[in-house]
Amino acid sequence: MAFQRRRQHHNHQHRLRVVVPIISSVFSALLILFALLSFLAPSPSDTDHLHHPRRFTSTDNVDGPTGVPVFRVQRDGGKLDRDIWSSRNAQFYHGCSIASSKFAKAGDVTHSNRYLAIVTSGGLNQQRTGIIDAVVAARILNATLVIPKLDQKSFWKDASDFSEIFDVDRFISVLSKDVKIIKQIPRKGGKSLTPYHMRVPRKCNEKCYQNRVLPVLLKRHAVQLSKFDYRLANKLDTDLQKLRCRVNYHALSFTDSIQKMGEKLVHQMRMKGKHYIALHLRFEPDMLAFSGCYYGGGDKERKELGAIRKRWKTLHISNPDKERRHGKCPLTPLEVGLMLRALGYGSDVHIYVASGEVYGGEETLAPLKALFPNFYSKETIASKELEPFSSFSSRMAALDFIVCDESDIFVTNNNGNMAKILAGRRKYFGHKPTIRPNAKKLYRLFLNQTSTTWDTFASKVRSYQRGFMGEPNEVRPGRGEFHENPATCICEDSEARTKKDSVPRKYGKGDSLTRKEVMVSDDQNDEDDPEWSDPDDDEDQRGLQDKELNNGTVLDYDSIISEEPELEEMLSD
C-alpha cells in the first residue's frame, strides 16, 4: 500500500511538472495576443477626444502594417501657394462711412424737448451693439441721446458705467454732427425729467420707431428703452447704416487705461514673433450646455452640462449628433488646432487665446498646446499688470477685444457678439483675415480622419474653408448681421483694381482668384454657413413687425420672443 501511495504521488508530481509549463505558455500567449490587439486596435473616435486626447507625431504619412493609412500631423504648415497671413485683394477695399449731402446736420433736425435714454443688456460686446443702435434710434426720432446705461445686473456682474469702459468725450464729439448727445437728462423747473420706461421689439425698423416710440416721446418728452440689444432692424437706409459704422469704428473707443493696457499686450505678442493668431475659443461650459452638443465625456459630461442647461426652462432637449452634423457646435480645441495646421500654420506660430474657463481644463487644452506650444493668454503674459482690471469682466473682455482686433489672423469658434463685431471691424479696416470654421463639413472630416492620410485631410480642410477665410466678396452684401458684414460701409478702389486686372498674366494653380471667380466660389459655399444656436438672432421677427404695422394691431413681442433671465447674457460675450 505504501508503495502504491508513493507511486500515485510521483505520478501527480509528474503531471504537475507537465501541466504547469503548458498553462504558463498559454497564459503568456494570451498576454502577447492581448498586447498585439491593443496595439492594432483603432484609436477612439473623434467624439471621444475631449476627454481622451490623441497624441500626434510630427512625421510624414506612413502606412500601417495592414496597409491602412496612419494619420500623422506634420510640424510645419507645408508648402502652400498662397500667403497665409493676408487676404487676397484686400488692398483694393477700405472703409467709407462719410454721410451723404442729404444727411442733415444734428443741429438742424434735433428737437429740444425729446430725450432718448437706453439701458443695454448682456456682456460687453452685446452692450456695444446696443450703444451703436441707440445712436441711430435717436437720429430716427430726432431726439437727444443720453449717454447709455450699461447692464450691471446680468450674469457678468460688472458694475462699470459707460465712462469707465469707453471714452465718453470722444463719443460725444465725434458724433456731434450726427446726433446730439448729453451725459444726463437735464432738470426742468428744479426737477429732473423722469423718462417713461418702455421696450421695443427686436429688429424694429424706422417705421416701427416712428409708430411706437415717437408718440410716447411727444407726450412724455423723455423715454428710456430697456434691454436695448438688437432692437434695430438689420437693413436700414444707407445713411443710417453709415451712421452705424461711424459710431462703431470711429466714435466708440475704450478709455485710455484700457487702450494702453491692450496695446501692451499686443506689444508683448509682437515681441514674441512677427505674426500671431488670436483665437476666440469659446469652449466654456455654458456655451457647450446651451449648444446641446456632446463631446464624448460620458455620464460625467452629460450630468455636468445637463445641470447647466436646466437654467433655461424653455431650452428643448436636442439631438447632440444632429447638432454637430448641422455645424451648430463649437470645434474642440484639438479640432481647431488641426484645422489651423491644415491651413498652413506650423508649430512655430504664436497663438493668443481669448477664453474663459475651458470645459475640461488643461486636459482639453493639452492637444492644442501640443500642436502650438507658443500658447498665450493675457494672464500668462501680463499677470501682475492685470490686477486693476481683473475684478471687472467687461474691462477684461475689452483687453481681449483689442488683442484680437490687432492680430494678423483672428479665428472665431462661435458666432457670438464678439465674433460678429470683430469680423465686421476687420473687414472695414482692410480685410484682415478672419477664419470661421466651416463646422458642418469639418465635422464629417474629423469623424473620419483616422481612415485617411494627413495630406488628404489637409487638402480637404483647405477646400472646405474656401469662403470662410475673411476674403473680400466672401459674403454677399445684405447677408448676415450688419455688425458682421457692414457692406454698405466698405468701398472698392475700382481704379486700382482695373489697373491691376489690365496687366496680362498667366493664371496657374497658385494665382489669386478674379472677382468673378470669388463670387462663384461664394455661391457654392452658401449652404455651408454655420447654423449656430444664437439667441440674439431672430429674423422671423421682421415678418411679425411688418404684419403689425400694416394691420394696426399690437402684438406682445416680449411674449413671442423668450427673454428668459440670463439666457442671452450668458451666451452674449
Enquirer: If you measure from CZ on F171 to CG on L145, what distance do you get to the nearest 0.5 Å?
Expert: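 Going from the CZ atom of F171 to the CG atom of L145 covers 6.0 Å.
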Enquirer: Measure the OG-CG distance between S355 and L279 for me, rounded to the nearest 0.5 Å.
Expert: 8.0 Å
Enquirer: Check for me whether R341 meets the cation-pi criterion with F372, that is, NZ or CZ under 6.0 Å from the six-membered ring centre and within 45 degrees of the ring axis.
Expert: yes
Enquirer: Please confirm whether the backbone N or O of E481 pairs with a side-chain atom of N234, one donor and one acceptor, at under 3.5 Å?
Expert: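 It does not hold such a pair.
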Enquirer: Go through the steps for F389 and E387 under the test side-chain contact (heavy atoms from CB on, under 4.5 Å), then give the verdict.
Expert: CA-CA 5 Å; F389 306 89; E387 289 180 4; over 6 Å; no
Enquirer: Would you indicate whether the side-chain heavy atoms of L252 and V135 approach each other to under 4.5 Å?
Expert: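 Heavy-atom side-chain distance check fails, nothing below 4.5 Å.
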Enquirer: Run R436 and T412 through side-chain hydrogen bond (donor to acceptor under 3.5 Å, both in side chains) and show every step you take.
Expert: CA-CA 6 Å; R436 299 176 300 141; T412 169; over 6 Å; no
Enquirer: Tell me, please, which residues at least two apart from C404 pass disulfide bond (SG atoms under 2.5 Å apart).
Expert: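 Disulfide bond (SG atoms under 2.5 Å apart) check on C404 returns nothing, list empty.
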Enquirer: Would you please test L334 and L368 for side-chain contact (heavy atoms from CB on, under 4.5 Å) and show each step?
Expert: CA-CA 5 Å; L334 170 58; L368 176 59; over 6 Å; no
Enquirer: Quick check: closest heavy atoms across S173 and S176, and the distance to 0.1 Å?
Expert: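 Shortest heavy-atom contact: O-OG, 2.9 Å.
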Enquirer: Is a donor on one side and an acceptor on the other found under 3.5 Å between the side chain of E474 and the backbone of F468?
Expert: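 A pair under 3.5 Å: yes.
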Enquirer: Looking at K432, I'd like to know if its NZ atom is crowded, meaning that more than 12 non-hydrogen atoms belonging to other residues, nucleotides or ligands lie closer than 6.0 Å.
Expert: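 More than 12 heavy atoms, drawn from other residues, nucleotides or ligands, come within 6.0 Å of this atom.
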Enquirer: State whether Y249 and R244 meet the cation-pi test: NZ (Lys) or CZ (Arg) under 6.0 Å from the six-membered ring centroid, and within 45° of the perpendicular axis.
Expert: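 Pair R244/Y249 does not count as cation-pi.
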Enquirer: What residues, two or more places apart in sequence or in another chain, satisfy side-chain contact (heavy atoms from CB on, under 4.5 Å) together with I84?
Expert: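 Per chain and number, I84 pairs via side-chain contact (heavy atoms from CB on, under 4.5 Å) with L80, R82, Y345.
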Enquirer: Residues two or more places apart in sequence or in another chain: which of them pass ring pair (Phe, Tyr, Trp, His ring centres under 6.0 Å) with H267?
Expert: none
Enquirer: Quick one about N417 and Y230 (side-chain donor to acceptor, distance below 3.5 Å, no hydrogens or angles considered), yes or no?
Expert: yes
Enquirer: So, using side-chain contact (heavy atoms from CB on, under 4.5 Å) as the criterion, who are the partners of Q259 when residues are at least two apart?
Expert: F254, E263, I402
Enquirer: Could you tell me which non-hydrogen atom of Y359 sits nearest to which non-hydrogen atom of T364, and how far apart they are?
Expert: O-OG1, 2.7 Å
Enquirer: Ignoring hydrogens and geometry, is there a side-chain-to-backbone donor-acceptor pair from R170 to H250 under 3.5 Å?
Expert: yes
Enquirer: For a quick test of reading the model, state the closest non-hydrogen atom pair linking A143 to T110 and the distance between them.
Expert: C-CG2, 4.0 Å
Enquirer: Answer yes or no: is there a donor N or O on one side and an acceptor on the other, between the side chain of T120 and the main chain of D151, under 3.5 Å?
Expert: yes
Enquirer: Is it true that D178 and R246 make a salt bridge, defined as a side-chain N closer than 4.0 Å to a carboxylate O?
Expert: yes
Enquirer: Taking the six-membered ring of Y376, is NZ or CZ of K272 closer than 6.0 Å to its centre and within 45° of its axis?
Expert: yes
Enquirer: I'd like to know whether R270 forms a salt bridge (Lys or Arg N to Asp or Glu O under 4.0 Å) with D408, so could you lay out the CA-CA distance, the side-chain angles of the two residues, the decisive distance to 0.1 Å, and finally the verdict.
Expert: CA-CA 10 Å; R270 293 290 180 205; D408 299 281; 2.6 Å; yes
Enquirer: Given side chains that start at C-beta, do those of S257 and P388 come closer than 4.5 Å, heavy atoms only?
Expert: no
Enquirer: List the steps and the verdict of ring-ring contact (aromatic ring centres under 6.0 Å, His included) for F283 and Y295.
Expert: CA-CA 11 Å; F283 206 72; Y295 292 92; 5.1 Å; yes
Enquirer: Taking all heavy atoms of G130 and all of I118, pick out the closest pair and write down the distance.
Expert: O-CD1, 4.0 Å
Enquirer: Supply the atom-to-atom distance R88 CZ to Q91 CD, rounded to the nearest 0.5 angstrom.
Expert: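 These two atoms lie 12.0 Å from each other.
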Enquirer: Side chains of M339 and L442, heavy atoms from C-beta outward: is any pair under 4.5 Å?
Expert: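 Result yes, sub-4.5 Å side-chain heavy-atom pair found.
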Enquirer: If you measure from CG on D158 to OG on S394, what distance do you get to the nearest 0.5 Å?
Expert: 4.0 Å
Enquirer: Quick one: does F103's side chain get under 4.5 Å of L240's, heavy atoms only?
Expert: yes
Enquirer: Could you check whether any side-chain N or O of Q224 sits under 3.5 Å from a backbone N or O of H197, counting only pairs where one atom can act as donor and the other as acceptor?
Expert: no
Enquirer: If you measure only the distance, is there a donor-acceptor pair under 3.5 Å linking the side chains of R476 and N485?
Expert: no
Enquirer: Any idea which heavy atoms bring G122 and Q127 closest together, and the distance?
Expert: O-NE2, 3.1 Å
Enquirer: Look at the side chain of S383 and the backbone N and O of T380, then say whether any donor-acceptor pair between them is shorter than 3.5 Å.
Expert: no
Enquirer: Between V146 and I181, does the side-chain contact (heavy atoms from CB on, under 4.5 Å) criterion hold? Intermediate values first, please.
Expert: CA-CA 6 Å; V146 182; I181 305 174; over 6 Å; no
Enquirer: Answer yes or no: is there an ion pair linking D405 with R425, defined by an N-O contact shorter than 4.0 Å?
Expert: yes
Enquirer: Taking only residues two or more places apart in sequence or in another chain, which ones pass side-chain contact (heavy atoms from CB on, under 4.5 Å) with K177?
Expert: K105
Enquirer: Mind checking whether H350 and H275 have side chains closer than 4.5 Å, heavy atoms only?
Expert: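 No - every pair of side-chain heavy atoms lies 4.5 Å or more apart.
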Enquirer: Run the salt-bridge test on K378 and D400 with the 4.0 Å N-O cut-off and return the result as yes or no.
Expert: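 A salt bridge is present here (some side-chain N lies under 4.0 Å from a carboxylate O).
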Enquirer: Could you walk me through whether F290 and I308 pass the side-chain contact (heavy atoms from CB on, under 4.5 Å) test, one step at a time?
Expert: CA-CA 8 Å; F290 181 81; I308 299 174; over 6 Å; no
Enquirer: Quick test of your reading of the model: are R282 and E357 salt-bridged, counting only N-O distances below 4.0 Å?
Expert: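 Salt bridge flag = no for E357 with R282.
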Enquirer: Answer yes when E362 and K369 have at least one side-chain N-carboxylate O distance shorter than 4.0 Å, and no when they do not.
Expert: yes
Enquirer: Salt-bridged, R202 to D229, with N to O below 4.0 Å?
Expert: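 Here R202 pairs with D229 in a salt bridge, since their nearest N and O are under 4.0 Å apart.
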Enquirer: Quick one: does any side-chain atom of S87 pair with a main-chain N or O of H431 as donor and acceptor, under 3.5 Å?
Expert: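 Yes, the answer is positive, given that a donor and an acceptor are paired below the 3.5 Å cut-off.
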Enquirer: Does any N or O in the side chain of K427 come within less than 3.5 Å of the main-chain N or O of G470, such that one atom is a donor and the other an acceptor?
Expert: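 No; zero donor-acceptor contacts below 3.5 Å.
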Enquirer: For T332, does its backbone N or O pair with a side-chain atom of E335 as donor and acceptor, under 3.5 Å?
Expert: yes
Enquirer: Among L116, L225, I185, which one satisfies side-chain contact (heavy atoms from CB on, under 4.5 Å) with P195?
Expert: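 Between P195 and the candidates, side-chain contact (heavy atoms from CB on, under 4.5 Å) is satisfied uniquely by I185.
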Enquirer: What's the spacing between S347 OG and N374 CG if we round to 0.5 Å?
Expert: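 Here the rounded value is 8.0 Å.
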Enquirer: For S253, does its backbone N or O pair with a side-chain atom of D167 as donor and acceptor, under 3.5 Å?
Expert: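 No, D167 side chain to S253 backbone: no donor-acceptor pair under 3.5 Å.
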Enquirer: Carefully, step by step, assess Y352 and H280 under the rule ring-ring contact (aromatic ring centres under 6.0 Å, His included).
Expert: CA-CA 9 Å; Y352 177 92; H280 190 211; over 10 Å; no
Enquirer: I'd like to know if R395 pairs up with E164 as an ion pair, taking the criterion as any Lys NZ or Arg NE/NH1/NH2 lying under 4.0 Å from an Asp or Glu carboxylate oxygen.
Expert: yes
Enquirer: At their closest point, which heavy atom of Y464 faces which heavy atom of N438, and how far apart are they?
Expert: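 Smallest heavy-atom distance, with atoms named: O-ND2, 2.9 Å.
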Enquirer: Enumerate the residue pairs fulfilling disulfide bond (SG atoms under 2.5 Å apart) with a member in residues 244-286, sequence neighbours excluded, ordered by first and then second residue.
Expert: C245-C489
Enquirer: So that I can tick it off, tell me whether K183 and D169 are bridged by a salt bridge, with the cut-off set at under 4.0 angstrom between side-chain N and carboxylate O.
Expert: yes
